[in-house]
Amino acid sequence: QLQLVESGGGLVQPGGSLRLSCAGSRGTSLDYYAVGWFRQAPGKEREGVSCIGGSNGRTYYADSVKGRFTISRDNTKNTVSLQIDSLKTEDTAVYYCAAPSGSTYFYCPGLSSDGFNYWGQGTLVTVSS
């Protein structure tokens with residue numbers, strides 16, 4: 001079973017940058033899996049922000065983050081990263097990575113959390129001056 005671990009969260013000032021990583025843990029490999037990033041701000045529902053395909057590396061972004069968020073994968077390091085630039089206070093949230101299961105696990109099933117079955121525990125990003 002795929003196990004995911006996020007890292008890279010922290011406190012950053014508005015306008016700053018942060019790079020989040022999602023790694024496969026305990027010998028599990030992210031190779032070929034589509035991996036999505038989601039976030040959940042206090043008092044709000046979980047929001048899908050980006051996904052990268054496992055088979056074709058195609059990337060998807062929510063309109064709210066286009067131009068500021070960049071998703072990438074490095075299969076040699078078994079990681080998928082989310083680069084966040086020009087951070088805003090409204091980016092404050094717990095960020096999760098997730099992956100789908102089933103026969104189409106290598107395709108991004110959109111940015112709805114319903115399409116993802118494996119989840120990490122999240123990493124907190126706080127944007128504040």
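Here Thr76 pairs with Asp74 under the side-chain hydrogen bond (donor to acceptor under 3.5 Å, both in side chains) rule; sequence neighbours left out. Taking Tyr118 as the reference, nothing meets the ring-ring contact (aromatic ring centres under 6.0 Å, His included) condition, with sequence neighbours excluded. With sequence neighbours excluded, the residues satisfying side-chain hydrogen bond (donor to acceptor under 3.5 Å, both in side chains) with Ser101 are Asn117. Taking the side-chain hydrogen bond (donor to acceptor under 3.5 Å, both in side chains) definition, one finds that Asp85 meets it with Ser17, Gln83, sequence neighbours left out. Evaluation of the ring-ring contact (aromatic ring centres under 6.0 Å, His included) rule for Tyr33 yields Tyr105 as partners, not counting sequence neighbours. Every residue meeting the salt bridge (Lys or Arg N to Asp or Glu O under 4.0 Å) condition with Arg68, not counting sequence neighbours, appears here in chain and number order: Asp91.
Leu111 places none of its side-chain heavy atoms less than 4.5 Å from the side chain of Val49. Leu82 is not listed as a side-chain neighbour of Thr70, based on a closest heavy-atom distance of 4.5 Å or more.
A distance-only check finds a donor-acceptor pair linking the side chain of Asn78 to the backbone of Leu30 [under 3.5 Å]. Between the Ser25 side chain and the Val5 main chain, no donor and acceptor come within less than 3.5 Å of each other.
Note on Tyr32: it clusters hydrophobically with Leu2, by side-chain heavy-atom contacts below 4.5 Å among ILVMFWY residues. Tracing side-chain contacts under 4.5 Å through hydrophobic residues (I, L, V, M, F, W, Y), one never reaches Val35 starting from Phe38; they form parts of separate clusters. Residues Val65 and Val12 fall within the same hydrophobic cluster, defined by Ile, Leu, Val, Met, Phe, Trp and Tyr side chains chained together at heavy-atom separations under 4.5 Å.
For the atom pair CD1 (Ile71) and OG (Ser81), the distance works out to 9.0 Å, reported to the nearest 0.5 Å. To the nearest 0.5 Å, atoms CH2 (Trp37) and CD1 (Ile84) are separated by 8.0 Å.
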Pair up each side-chain donor or acceptor in residues 40-48 with any protein partner under 3.5 Å, not counting sequence neighbours, and list the distances.
residue: Gln40; atom: NE2; partner: Lys44; partner atom: O; Å: 3.1
residue: Glu47; atom: OE1; partner: Arg39; partner atom: NE; Å: 2.8
residue: Glu47; atom: OE1; partner: Arg39; partner atom: NH2; Å: 3.4
residue: Glu47; atom: OE2; partner: Ser64; partner atom: OG; Å: 3.1

Side-chain polar contacts of residues 119-129 - donor-acceptor pairs under 3.5 angstrom, sequence neighbours left out - could you list them?
residue: Trp119; atom: NE1; partner: Phe116; partner atom: O; Å: 3.3
residue: Thr123; atom: OG1; partner: Gly9; partner atom: N; Å: 3.1

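Of all heavy-atom pairs spanning Pro109 and Gly115, the tightest one is CG-O, 3.4 Å. Of all heavy-atom pairs spanning Arg19 and Ser72, the tightest one is NH2-OG, 3.5 Å.
Applying the ring-ring contact (aromatic ring centres under 6.0 Å, His included) definition to pairs two or more places apart or across chains, none involves residues 44-92. Applying the salt bridge (charged side-chain N to carboxylate O under 4.0 Å, His left out) definition to pairs two or more places apart or across chains, none involves residues 111-129. The stretch residues 54-64 participates, sequence neighbours left out, in these salt bridge (charged side-chain N to carboxylate O under 4.0 Å, His left out) pairs: Asp63-Lys66. The stretch residues 11-93 participates, sequence neighbours left out, in these disulfide bond (SG atoms under 2.5 Å apart) pairs: Cys22-Cys97, Cys51-Cys108.
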Can you list the steps and then say if Tyr95 with Glu6 is a side chain to side chain contact (heavy atoms under 4.5 Å, CB included)? CA-CA 8 Å; Tyr95 284 73; Glu6 303 93 338; over 6 Å; no
How far apart are the C-alpha atoms of Arg73 and Thr79, what are their side-chain angles, what is the distance that settles it, and do they pass the side chain to side chain contact (heavy atoms under 4.5 Å, CB included) test? CA-CA 6 Å; Arg73 66 189 308 145; Thr79 58; over 6 Å; no
